Structures are given as C-alpha cells and as structure tokens.
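A short worksheet on the structure shown next.
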Amino acid sequence: MTVSVDLRHRFEGFTLAARFEAPAGLTALFGRSGSGKSTVVNAVAGLLRPDHARIEIGGRVLADTERGLWLPPEKRRIGYIFQDARLFPHMSVRQNLDYGRKLAPVPPGRAEFDRVVGMLGLEGLLARRPARLSGGETSRVAIGRALLAGPEMILADEPLAALDEARKAEILPYFERLRDELSIPILYVSHAAGEVARLATSVVAIEAGRVSGQGSAAQILGDPGLTPLGAREAGAMLEARVVAHHADGLSEVQAGGQVLWVPRVDRPEGAALRVHVRAQDVMLALVRPEGISALNVIPAVVRDVRPVGADGALVQLGAGMAGAQSTLLARVTARSVSALGLRSGLELFAVLKAVSVARDQAARPD
Amino acid sequence: MTVSVDLRHRFEGFTLAARFEAPAGLTALFGRSGSGKSTVVNAVAGLLRPDHARIEIGGRVLADTERGLWLPPEKRRIGYIFQDARLFPHMSVRQNLDYGRKLAPVPPGRAEFDRVVGMLGLEGLLARRPARLSGGETSRVAIGRALLAGPEMILADEPLAALDEARKAEILPYFERLRDELSIPILYVSHAAGEVARLATSVVAIEAGRVSGQGSAAQILGDPGLTPLGAREAGAMLEARVVAHHADGLSEVQAGGQVLWVPRVDRPEGAALRVHVRAQDVMLALVRPEGISALNVIPAVVRDVRPVGADGALVQLGAGMAGAQSTLLARVTARSVSALGLRSGLELFAVLKAVSVARDQAARPD
Amino acid sequence: MEGWLGPELWQAVRLSIRVSAWATVVAMPLALLTAWALARWAFPGKQIVNGIVHLPLILPPVVTGYLLLVVLSPRAPVGGFLADLGMGFAFRWTGAALAAGIMGFPLMVRAIRLSLEAVDPRLEAAAATLGASRMRRFATITLPLILPGMLAGAVLGFAKAMGEFGATITFVSNIPGETQTMPLAIYAFLQVPGGEDAALRLVIVSVVIAMGALLVSEWIARALARRVAGA
Amino acid sequence: MEGWLGPELWQAVRLSIRVSAWATVVAMPLALLTAWALARWAFPGKQIVNGIVHLPLILPPVVTGYLLLVVLSPRAPVGGFLADLGMGFAFRWTGAALAAGIMGFPLMVRAIRLSLEAVDPRLEAAAATLGASRMRRFATITLPLILPGMLAGAVLGFAKAMGEFGATITFVSNIPGETQTMPLAIYAFLQVPGGEDAALRLVIVSVVIAMGALLVSEWIARALARRVAGA
Amino acid sequence: ETVTVFAASSLKTALEEIAAGFGAETGDQVRLSFAGSSAMARQIMAGAPADLFLSANPGWMDAVEAEGLLVAGTRRDLLGNALVLIGAPDGPEVGLGDDLAAVLGDDRLAMALVEAVPAGIYGEAALEALGQWEALAPRVAQAENVRAALALVATGAAPLGIVYRSDAQAEPRVRVLDTFAADTHPPITYPVARIAGRETPAADAFLAYLGGEAARAVFTRHGFDVIGE
Ligand SMILES: Nc1ncnc2c1ncn2[C@@H]1O[C@H](COP(=O)(O)OP(=O)(O)OP(=O)(O)O)[C@@H](O)[C@H]1O
Ligand SMILES: Nc1ncnc2c1ncn2[C@@H]1O[C@H](COP(=O)(O)OP(=O)(O)OP(=O)(O)O)[C@@H](O)[C@H]1O
Ligand code: MOO
Ligand SMILES: [Mg+2]
Ligand SMILES: [Mg+2]
C-alpha cells in the first residue's frame with residue numbers, strides 16, 4: 001500500500017511544504033529536531049488540519065482540502081504512537097491497552113494481547129495507573145495501545161527513544177512483522193541509525209519543513225551526503241538470501257553471487273533478507289590477507305572514490321560476479337587513499353568481520 | 001567531588017536498594033526501563049523522599065534520614081534535566097531559561113546565556129511558549145534551563161534521547177566542559193552507548209532496583225557481562241595522549257607506548273584523552289597484513305579468550321611495550337577462534353581502522 | 001429526629017432534601033452542556049448565554065423569583081401552557097426545585113467549566129486516533145476527567161438549593177408540605193418573637209444534611225484523585 | 001445615568017459597586033489561602049473548615065445575616081471590641097461588604113481550589129530544583145497557573161455580592177447611603193405599590209455592571225489561555 | 001441634623017413624602033431604613049443607630065420595649081389599616097359571604113405568612129371568625145410579606161388574596177372585592193416610639209411631626225387610618 005502525502009502549512013516562523021510518496025512497507029521520517037516530522041505525522045493522523053493537504057493511503061483518500069475532504073482522526077484507522085505517550089491518566093495500563101482494541105472492527109484477540117504485553121514487558125504493570133510508571137514503561141504502554149488498536153496504518157513518532165537496547169531488540173521484530181506479514185504501512189520517525197537501517201523500506205529526509213531527500217533505504221543510507229544519520233552510519237544495503245545455517249553459529253548468505261558469513265540470522269534457509277554493511281566496517285586490502293579473524297574477504301573492484309569531510313573518503317566497490325554485482329561502500333582515511341593508491345578500476349579485496357553485521361542490523365525480506 | 005548515595009525505598013511492587021559511590025566526574029546510570037534510575041535521580045534531587053536515604057556530595061550531606069536530615073530540593077543547588085522536560089507552560093522559552101538562572105547565587109552571565117542558547121539552537125525560539133515547541137526543542141529548552149541554573153551538580157535523565165545525532169554532537173562537548181573545566185559532578189541516565197563511552201567517568205549499572213555493577217567506565221565497558229549496552233558496545237578504554245596533528249586530518253596519539261592513528265581530535269598536543277575502541281572493530285591477524293586500508297596494526301599478545309554468546313568470543317589482548325601495556329578487546333566469531341587457533345600467549349596483530357575510532361567516541365582528559 | 005422536630009418541620013426537612021436533590025440532578029446535565037458550550041464552542045451570542053447563566057447570581061433572589069412568577073404563573077402564556085400539560089411549576093414543589101436549580105446553576109456551570117478547561121485536549125486527540133467517536137471521547141475521556149468538577153458543582157448546587165430562600169418564596173410561596181422548604185420554615189420562625197429556638201433546630205438539621213453531602217463528595221473526590229494518581 | 005436614576009438610586013449603585021469590589025478584593029487572599037489549605041494540606045479538622053466555608057451557601061441568607069448580627073453587633077463582645085477599635089461592621093457599608101464577601105466566599109474558594117487541584121505538582125517540583133523557595137514557587141508557578149480559577153472565583157464573588165440581599169439587610173439594615181445596596185433598594189421599591197419601575201431601572205443597572213465585569217473577566221481569561229497556548 | 005428612622009417596608013411611599021415635607025420645613029435630614037419589622041427590631045436590640053422605630057406590628061415593638069430600649073412614654077399607636085379581599089380587576093364578583101374555597105377550586109389564596117407576618121396572622125384570624133379557615137387552609141399560598149401576596153394576585157398567579165387596604169389601593173392590577181370587618185381580627189396598628197440612646201431634638205420633632213396635620217393627610221391618602229392623639 002502506497003502512502004502519498006502532500007502538505008502545506010504555516011506556523012508562525014515555520015513553514016511546512018512536504019510532498020512524498022512512500023511505497024509499501026516502513027517509511028522512516030528523518031530530520032533534525034524541529035524540522036517538521038511530528039507536524040507531518042499529525043497531519044496524516046488528522047490531528048492537525050494543514051492549510052493544504054492531500055493524503056492518500058493505498059487508494060483511500062484521507063484528506064483532500066481542495067475538495068474539502070477531511071476524514072476525522074477516528075475514521076482513519078491509524079495507530080499513532082505519540083512522541084509524548086499521552087496515556088489516559090484515569091485508566092489502568094490494561095484499560096489504556098484495551099481502549100483502541102475494543103473499538104477495532106476486528107479486535108485483536110486475547111492471544112495477540114498477550115503477545116504484545118509480553119513483548120513490551122508489561123505483564124506486571126497491567127493494573128498500574130500511568131502516573132506510577134517509569135519513562136520507558138510509559139512509552140511501552142503507548143506502543144502497545146497503538147498496536148492493539150488493529151490499525152490499518154501505524155504512525156510512530158520516536159517510539160523507542162526512551163528504551164534500552166535490550167528492550168528495543170525485543171520490539172523491533174514486532175514492527176518488522178507488522179510491516180511484512182500484515183503489510184501495514186508504517187510512518188516511522190526516528191533518529192536511531194540501527195532502527196532505520198533495520199526497518200526502513202524507504203526514507204524521507206526532512207529539512208526545515210521540506211523534503212530534502214527521498215528514496216529507498218539503500219539509496220539514502222548509501223549516500224553520506226544524504227543520510228541524516230551521519231557518515232558513521234552510511235553503508236551498503238545488500239539484498240541477500242539465506243543459504244545455510246552452520247553449527248558454529250554462523251549463517252551463510254548470498255548477495256550478488258558473493259557468499260557472506262554473518263552471525264546467525266533468524267530466517268529459514270532460502271529466505272530473502274537485507275544486510276546493512278556500514279562503510280566504516282569495511283577494510284580494503286590490496287592482497288588477499290591470510291590468517292585473519294575476518295571471515296569475509298570479498299574480491300571487488302573500485303568504482304568510485306569520493307572524498308568525505310576533511311580527512312576521509314568513501315570508496316564505492318563492485319563485488320561479486322558480473323551481472324549479479326553488489327555495491328559495497330568502504331570508508332577510509334585520506335592517508336589510505338594515497339597509501340593504497342585507490343582509484344577507479346583498481347581490483348582489491350574488501351574485508352568485513354562477520355560480527356560487524358550485527359544481529360540488529362540484519363534481516364528483512366522483501 | 002565524590003557523590004555518595006545510599007537509598008532504600010519501597011513502591012508497591014518495586015523495591016529500590018541502591019548504594020554507590022561516584023568519583024568526581026560524570027557517572028552514568030545504566031539499567032533497563034523500569035530498573036529504578038529515575039527513582040535514584042529523584043531521591044538525589046530531593047523530590048522523592050525514600051524510606052531511608054543518605055546522600056552526600058563532596059562532603060556536603062544532602063540527606064541523612066537516620067539523623068532526620070533532609071535538604072529540600074531548592075537548597076540542593078542541582079540542575080535537573082527531567083526525563084519529561086517539565087517546562088513551565090505559562091512562560092516563554094526565555095523565561096524558562098531564566099528561571100533558575102536568576103536564582104543562582106552567581107547567575108550565569110549574558111555571555112554564558114548566549115553560549116547555551118547557541119549550542120542548543122534556541123535563538124529563534126526565545127519568545128515561544130512551550131506548547132508550540134517540537135519534542136526535541138522541548139528537551140533542548142529543558143537542558144538549557146538546568147544548565148543555566150548555575151548548579152553545583154547536574155542530574156540528567158536521558159537528556160538527549162529525543163535529539164538527532166548532529167544536535168547531540170553539539171551538546172556533548174558542553175557536558176564535557178562542565179565535567180572537566182567546572183568539575184561539576186554529573187549523574188547521567190542514558191541508554192546510548194556513544195554518549196556514555198564518551199562522557200562517563202564511572203558507570204553504575206542498576207538492575208531491578210539494585211546496583212548490579214559499578215566501576216570506572218573502562219572496567220564496565222570492557223566487560224560484556226557487565227556492560228548494559230550490549231556486546232556490540234563492549235570495548236577497551238585507552239588512556240592516551242595527543243602526540244601530533246597531521247596535515248592529512250589524522251591525529252597521532254599514544255596509548256601504553258603504542259602509536260594510534262585516529263581522526264583529528266580537538267585537543268592540543270600533549271593533552272590527555274580517552275579512546276574507546278570497540279571490541280567489534282578490532283580484527284586479528286596472525287601475520288602483519290600488508291597493503292591494507294587499516295592504519296593501526298598493533299603487535300599484541302592474547303591474554304584470554306572468553307566465549308560470548310553462542311557464536312562468538314571476546315579476546316583480551318596485551319599491546320605495546322611491557323610496563324606500559326594497554327589492554328585491547330577484540331570480538332571474533334567462534335569459527336575464527338578455531339581457525340586462527342587463538343589461545344593465551346599467542347602473539348599476533350590487532351588491526352583497527354582509524355575511522356572506527358569515530359569523532360564522537362574520542363576525547364576526554366583526566 | 002421527627003420527634004425532636006415535630007411532624008410539620010420534619011415535612012419541611014424531607015421536602016428540602018427532595019427539592020435540592022431534584023434541583024441538582026436535573027440541573028447537572030444542563031449545566032454540563034452549558035459548560036461545554038462555553039468552554040469548547042465558539043458561537044455568536046456566546047457571551048449573552050454566559051451572562052444569562054450568571055443572572056441568578058447577579059439579581060437579588062427575590063427578583064429572580066418574581067421573574068419566574070411572571071413567566072410561569074398559570075395565567076402567563078408559558079406557565080399556562082405548561083400547566084395544561086400537567087407540568088406546571090406554580091405553587092408546586094417542582095417550582096421550588098426549579099427555583100433552587102436556577103439559583104445554583106451558575107455555580108455548577110462554573111465548576112464544570114473550570115474542570116473542562118483543565119482537560120488536556122491532547123488526550124482527547126489520542127482517543128480519536130484510537131477510533132473513538134466524539135461521543136465516546138466525551139464519555140470515556142472527558143467525562144471521567146471532569147468528574148471532580150462535576151462533583152464540586154453538584155455540592156455547590158445542592159448546598160445552594162438547601163439554603164435557597166428568596167427566589168423560592170417569591171415564586172412558589174410558602175405552602176407547608178408542598179413548597180415549604182427548610183429555609184422558608186426557618187424564615188417564618190424568625191419573623192415572630194421567640195421563634196429562634198425552632199429556627200435553630202431547623203438550621204442544625206439543614207447544616208447536618210449539607211455537611212453530610214459535603215463529606216460524601218470529598219470522599220468521592222479523594223477516591224477519584226487516588227484513581228488518577230494510581231491505585 | 002445619574003439623571004435617569006435620580007441621586008438616591010445613584011447612591012445605591014455607587015455603594016453596591018464599592019461594597020462588591022471590596023468584598024471581592026478582600027475575600028480573594030483569604031479564599032486563596034483557604035483553597036490552598038483545603039487542596040494541599042492535611043490537618044485535623046480540615047473537613048470542619050471545609051464545612052464552615054460552605055455554611056453561607058447552606059444557610060438561608062437571613063440566618064447568615066442574623067448570625068453576623070449576633071456576633072458583630074456593637075452590643076456583642078466581638079462586635080463591641082471591634083467597634084472600640086473603630087473597626088465596627090454593624091450598620092456600616094463595611095458590614096455590607098463583609099456580608100457580601102462571606103456569601104460569595106464558598107464560590108471563590110471552590111473555583112480556586114478546582115484550579116489548584118489541576119496544577120501539575122511536577123512543575124512546582126521542577127521549580128524547586130531550580131532553587132525556588134516555597135514562596136517563590138507559589139508566586140511564579142502556582143499563582144499564574146491558577147489565575148483562571150481566581151478570575152472565575154472573583155467573577156462569581158463579585159456577581160454574588162452585586163445580588164446579595166438577605167444577609168445584608170438582616171445584618172446591616174437598609175440605610176440609604178450607608179448600607180442600602182442595589183438589591184436592598186430594589187427590595188424596598190418592590191414593597192410599595194408602583195415601585196416596580198424604579199426597581200426595574202436598578203435591576204437593569206446591576207445587570208449591566210455585572211455583565212461588564214463578566215465580559216472583562218472572559219476577556220482576561222482568553223488572554224491568559226492564549227498566553228499558555230503560546231503567543 | 002439627621003434622624004434615622006427604622007420603618008416597616010409598607011410605609012415607604014408615605015414616609016418618604018412626609019420626610020421630604022419635614023426636611024423642607026425644618027432643614028433636618030431624615031434617613032429612612034425600610035425592612036421587615038422582625039429584622040429591624042432585632043437590629044435595634046443589637047444596637048442599631050435608629051432614633052425612631054415604626055413597626056408594622058405591636059409584637060416586635062413589645063420585644064424592643066422589653067429590652068428597655070424605648071424612651072419611656074414615647075410609644076404610641078400611630079396608624080391603623082384594614083384587611084381586604086382582592087382579586088383580578090376582570091375577575092368574578094366575590095364577597096366574604098361567598099364560599100371562598102368553592103370559588104378557588106384548585107387555585108390558591110394569596111396571603112402573607114399566616115404564622116409569622118402580621119397581615120397573615122390577622123387574615124387567618126379573620127377567616128376563622130368567618131368560619132372559612134378550615135376549608136381554605138390547604139389552599140393558601142403564604143408569601144414572604146403582604147407585598148409579595150399582592151404580587152401573586154397582581155401577576156395572576158393567584159385569583160384571590162388578602163392584603164392591607166393601603167397596599168391594594170395603589171395596585172391597578174387588583175381590585176378590592178371586600179373588606180374584613182374590624183372585629184374579625186385583632187386591631188391592625190402600627191406603633192411608633194423613640195429609641196433610647198441618642199439625644200436628638202430633631203428626632204423628637206419628627207416624632208411630633210408624624211402626628212401632625214401634614215403627615216395625617218399623606219397617610220390617609222395612602223390608605224392608612226391615622227389613630228388620633
Ligand atoms: N509512584 C510510583 N508508584 C509505584 N511504582 C512506581 C512509582 N514510580 C515508579 N515506580 C516503579 O518503580 C520502578 C522504577 O521506576 P523508575 O522511574 O525509577 O525507572 P527508570 O529506571 O527511570 O525507567 P525508565 O528507563 O523506563 O525511565 C518502575 O518499575 C516503576 O514502575
Ligand atoms: N503549534 C505550533 N505553533 C507554532 N509553531 C509550532 C507549533 N508546533 C510546532 N511548531 C514548530 O514547527 C516546527 C516543526 O515542529 P515539529 O514538532 O513537527 O518538529 P519535529 O521534526 O517533530 O521535531 P522533534 O524531533 O524535535 O520532535 C518547529 O520549529 C516547531 O517549533
Ligand atoms: O438573599 Mo438570598 O441569597 O437567597 O435570599
Ligand atoms: Mg517531533
Ligand atoms: Mg526513568
């Protein structure tokens with residue numbers, strides 16, 4: 001389901017003029033603080049009525065101010081995870097979770113309720129009022145409340161910002177499941193690279209109220225000029241397939257005809273997945289290194305060397321057999337560029353540690 | 001100034017019993033959502049009166065319930081950055097920022113005000129009411145308000161959670177300055193590895209209301225069993241010194257007699273700094289690799305190989321000359337352990353890309 | 001109690017409770033609607049409605065009673081019409097309840113309105129995104145959150161009704177068993193030399209009843225507050 | 001205006017405004033303190049204080065006036081003492097203001113209390129961490145946030161004072177130029193045949209004044225709300 | 001000099017006229033405070049600054065006298081009045097000889113408080129004397145005072161009422177149907193007296209003036225009987 005958004009709105013001292021098309025899947029909204037992300041999300045939710053708006057989801061028109069069409073929020077069937085939680089203070093956690101659930105045309109059942117509660121670790125808190133929850137507990141309940149409303153679209157405004165890594169790792173697969181199995185479109189605001197790398201189908205970068213960049217996650221994350229995550233997080237997005245799981249805990253995947261060893265992936269053999277390889281984690285070698293701990297040594301050819309910042313460069317590599325090539329990115333220092341004589345057409349080896357393709361960066365099928 | 005905290009408190013269904021000593025500097029409070037971090041911070045602020053409490057800062061006793069001593073919050077001279085911001089809704093941003101400032105015994109001057117406002121990017125918002133701020137703008141004002149109160153101690157409860165990377169990078173040096181130049185003790189709650197690695201002098205890990213681990217940042221971050229950041233962030237903390245800045249944008253630093261090349265560091269030559277080398281970024285090689293992009297190839301000896309998880313191991317290395325050795329950590333797969341025959345006493349090379357020691361992980365003097 | 005008071009006064013006590021209870025209960029939904037309109041809607045003539053709501057407070061009670069009499073006496077068009085429907089107010093306890101309700105109305109509206117204005121609209125917005133219709137948002141979010149204000153309004157309205165004198169006696173006069181509420185009985189006693197003793201007894205009874213209502217309301221309010229603070 | 005009303009009525013108008021204004025202004029700090037105590041403190045006898053605050057609402061106004069007369073008349077110990085100090089209330093405009101203030105007191109307290117209970121204590125806590133003393137927190141955080149409630153209380157109190165009749169006439173009698181407020185003058189006119197016309201004029205004047213106060217208050221309230229919503 | 005007079009409300013129009021005349025003649029000011037007799041008696045007993053008390057009812061004057069607050073020898077009955085049955089101008093011709101309860105049907109008879117206010121007390125006594133009270137008692141609407149009872153009839157809320165002649169006379173919306181014989185009820189008298197405490201020659205002068213010719217003419221015009229010296 002494609003989401004198409006076209007908004008214009010003026011606050012005093014701030015003008016929003018954002019237009020983007022988000023393909024099916026999860027669209028990450030990126031942008032600095034105050035750039036207009038929550039404003040966009042609020043308009044899509046129907047809570048802010050912009051001066052001009054056209055919002056369409058999979059052919060369903062939610063708003064078209066030109067034609068005077070404006071579906072009220074309660075008709076939009078969204079699950080909105082607010083940046084500021086907004087739990088109902090007079091209801092217990094259970095009542096908060098049940099609020100949207102009971103209103104859904106097909107209310108999520110008992111089993112789904114238990115699954116969400118378990119994933120969010122809310123079992124012990126169901127009878128508690130919001131005033132007695134910790135910051136992270138509050139945002140977990142807010143997530144649960146939105147997910148349990150049986151929404152046809154999810155709006156998530158920095159849903160995991162207040163959570164620890166372990167809890168994030170528990171919740172991320174749930175968003176993946178929503179995106180993949182239930183194919184619910186998701187608009188996801190986040191500043192966290194790991195989340196976006198893992199979840200995003202496409203990325204919309206917003207700057208001062210305008211869309212400054214837009215594309216597939218691979219495009220945006222592969223371009224340090226575009227990625228709002230900073231150069232550290234730039235990298236290649238490889239479309240891969242699980243070949244086999246091995247006894248020593250590694251999974252063998254294939255991307256562009258090239259075998260990659262990565263820490264065990266939770267997918268069946270044959271399944272498609274996406275691997276995010278950060279440019280920073282890729283080392284280049286002129287000769288195949290021997291006796292090293294890195295398991296992935298990939299023959300590649302330099303396609304482009306682009307300076308990044310004052311002291312570094314981003315090297316674009318073609319890897320694998322012709323016809324099924326993948327693009328890899330490597331971030332190196334300017335000194336290495338000259339020491340190794342990096343230039344277009346140079347053949348060399350890309351070295352990548354298996355552990356660099358960490359669990360929370362792997363895995364999404366298409 | 002040492003901070004010494006000893007608390008016991010019961011909520012229904014949650015018991016806090018936390019005791020820790022934090023040396024001068026910044027103490028990171030770690031722990032999963034709901035583990036009791038905010039409760040500790042509230043007690044130190046004087047907003048929650050626990051059943052038992054003894055809190056002392058640099059010899060100044062803030063609370064000693066045994067002796068019936070309980071300094072009210074307004075006498076504690078703290079700058080508390082709340083997890084939920086708590087801006088005064090009826091005041092403009094400027095009035096919020098000025099609130100504590102005007103009450104300080106030595107009010108931060110105009111220049112300091114401008115500096116904080118500039119750092120937080122609040123120039124255009126000074127006349128705005130909090131109701132019209134974005135989520136991140138709200139937390140930036142909350143940070144400014146606390147910093148401008150001229151506090152003798154700072155309590156920061158996930159202050160940067162709602163901010164983008166670029167903004168974080170602008171704010172982090174300010175906390176460093178407070179810690180180092182003004183030597184204000186800071187209690188800092190965060191889930192973000194980068195922040196902690198960069199800022200923390202010591203780390204207190206909290207689990208279900210109890211202190212589960214406590215030590216210097218190097219200790220805690222070097223032990224994947226302890227670090228609450230997850231194995232990805234485990235690494236070595238090297239005490240280093242700037243040797244020289246080079247024209248190609250790299251800085252040469254020395255740690256334990258060993259030269260390290262890192263991206264340019266914003267410190268004068270001769271200055272002490274701390275370098276955080278993540279275990280994940282360290283590759284091991286049995287023979288010195290040639291023609292590679294990694295600039296740091298460090299002769300080392302294996303001290304210990306410890307399995308981590310099902311598929312990996314953490315290798316502890318001694319590097320540099322005897323007498324001035326540093327400890328490095330490398331995270332490798334189980335397959336590499338057997339392929340390279342890693343065992344105590346083995347001499348090999350640790351390979352580390354300069355760019356892996358990213359800017360926001362370097363730099364703090366002692 | 002009846003023994004201490006005698007059957008006639010006891011009748012006044014019972015009547016007062018009935019009148020005050022009805023006045024409060026019937027006025028409450030209207031007060032809620034009015035408060036909602038004043039707090040949330042923008043409509044032409046809003047300040048006029050606001051003014052009319054406050055009128056019973058501004059006017060001397062006797063004048064209010066007199067106006068009611070002029071409009072609702074059986075000979076007046078409105079009053080005659082209502083009387084034909086069997087819904088006349090004149091000289092009936094319902095008229096006493098009407099007068100009491102009108103006198104307490106501004107107090108109820110204000111209390112509810114203050115509560116309404118304190119409700120965070122973002123919570124209602126959150127409920128809307130979860131699929132709650134306007135009505136359901138009102139019933140599940142707004143209403144529970146303004147309960148303290150409604151309670152305060154009810155207490156004020158009830159207490160005022162227990163004490164209302166001027167408008168009541170002017171409108172429905174003083175008919176024992178029908179319109180003679182406690183304040184009217186008290187007034188009558190105070191008009192004759194030496195009547196203070198009987199008046200005092202009624203004063204005590206009315207204070208006890210109103211205090212009881214007050215205590216109950218405070219108790220409920222505490223329970224509500226505890227509910228929000230977390231059980 | 002004076003021409004239309006004649007000097008005597010004009011006197012009643014001026015007196016009513018003076019009495020109502022003083023009643024409101026003097027009662028406000030007391031109402032604030034009382035509301036604060038009821039909302040924030042726990043102390044023995046709290047419910048008794050609460051009850052006493054509500055008494056003027058519960059009691060018929062005449063009884064309240066009578067009680068005031070008993071306590072504060074120059075012949076009574078308290079009243080005599082105050083009279084000796086030159087602060088007597090009996091049969092003076094100050095007494096009318098006192099009666100009006102007492103009658104409006106429960107309304108003011110309730111409005112302020114409702115606002116106080118809606119103030120988020122976490123904001124006061126935040127101010128404390130920034131070094132604000134209890135007094136300063138009150139002045140800079142609590143007070144601005146309860147201004148709408150204080151305003152509502154002031155309007156209710158002022159309106160009530162403009163309309164107060166029973167307690168005033170019973171306590172300080174109906175002395176032109178000294179205690180004859182508009183409601184008392186209206187009453188007097190209604191006691192004589194053909195007085196309705198003059199009474200009506202006074203009613204109109206009193207409604208106009210009170211509505212003016214109401215409009216001003218609504219206007220201020222909107223300004224306050226806008227201030228919080230962001231300018 | 002200013003004289004403060006506490007007087008029953010129903011005397012307002014007449015007394016204001018007389019006070020104006022007195023002022024013009026002597027240059028002294030008369031301050032008139034009108035309220036219910038009970039309230040004023042209590043206030044006087046509580047020390048109100050009244051020089052003269054003009055009660056609508058001997059009972060409250062007695063109470064003040066019992067407190068020793070009257071200047072000895074100054075109390076006298078100043079005025080009398082009559083009790084009348086009133087109805088709407090266009091209403092049926094009814095007399096005290098008719099069965100009033102039957103005339104009323106479901107309607108109400110407006111009176112002042114029958115146990116508390118003199119006009120009500122007198123009215124009840126008169127109806128009792130006429131043998132009509134028992135049948136009428138359940139149909140009586142008791143108003144706060146005579147004026148309020150008059151208003152009930154004037155607005156049409158009640159078809160019949162019992163009020164003082166002086167009140168009925170000035171109200172165009174009612175008609176006097178019949179007058180109660182003086183012997184059916186206790187005498188209707190308005191006593192007046194000087195209140196002790198303040199020596200004011202002007203007060204004595206006004207007391208005297210109330211009994212004079214000018215005052216007598218005014219009172220009579222407003223429907224009161226002036227009781228002779
Ligand atoms: N007022 C309260 N009453 C009862 N339980 C409470 C109260 N406040 C907090 N708790 C509970 O105490 C525990 C610790 O809360 P605290 O706010 O200190 O957690 P935290 O470590 O700051 O978590 P987070 O990272 O989610 O903010 C939680 O389980 C919370 O539910
Ligand atoms: N009600 C309002 N009135 C005026 N300006 C507003 C209002 N709401 C938001 N703004 C401004 O609009 C801009 C965009 O706000 P928005 O909340 O969409 O930002 P955001 O991208 O979500 O930022 P953050 O990451 O900090 O939450 C900000 O500059 C903000 O100050
Ligand atoms: O004066 Mo009152 O207020 O009800 O009679
Ligand atoms: Mg936002
Ligand atoms: Mg917390």
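Source: prediction; values computed, not measured. Here is how names work: the chains are called A, B, and so on, in the same order as the sequence lines, proteins then strands, and each is numbered from 1.
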Check: E:Arg194 main-chain N/O paired with E:Thr74 side-chain donor or acceptor under 3.5 Å = yes
ask   = Quick check: are there more than 12 heavy atoms from other residues, nucleotides or ligands sitting under 6.0 Å from CH2 of C:Trp22?
value = no
task = Measure up the E:Tyr164 and E:Tyr122 rings against each other and bin them: parallel (under 30°), tilted (30 to 60°), perpendicular (over 60°).
result = tilted
inquiry  = Strictly below 4.0 Å, N to O, side chains only: are E:Lys12 and E:Glu16 in salt-bridge contact?
reply    = yes
key: Side-chain ion pair, E:Asp90 and E:Arg173, N-O less than 4.0 Å   = no
Test of ring centre spacing under 6.0 Å for E:Trp60 and E:Phe53 = no
At a heavy-atom separation under 4.5 Å, does [X] approach chain C through its side chain, its backbone, both, or neither?
X	answer
E:Ala88	side chain
E:Arg139	neither
E:Pro118	neither
E:Ala148	neither

request  = Identify which of C:Thr170, C:Val70, C:Val172, C:Leu190 forms the greatest number of heavy-atom pairs closer than 4.5 Å to chain E.
outcome  = C:Leu190
Contacting moiety of C:Tyr187, where chain E heavy atoms sit under 4.5 Å = side chain
inquiry  = For C:Ala188, which atoms come within 4.5 Å of any heavy atom of chain E: side chain, backbone, both, or neither?
reply    = both
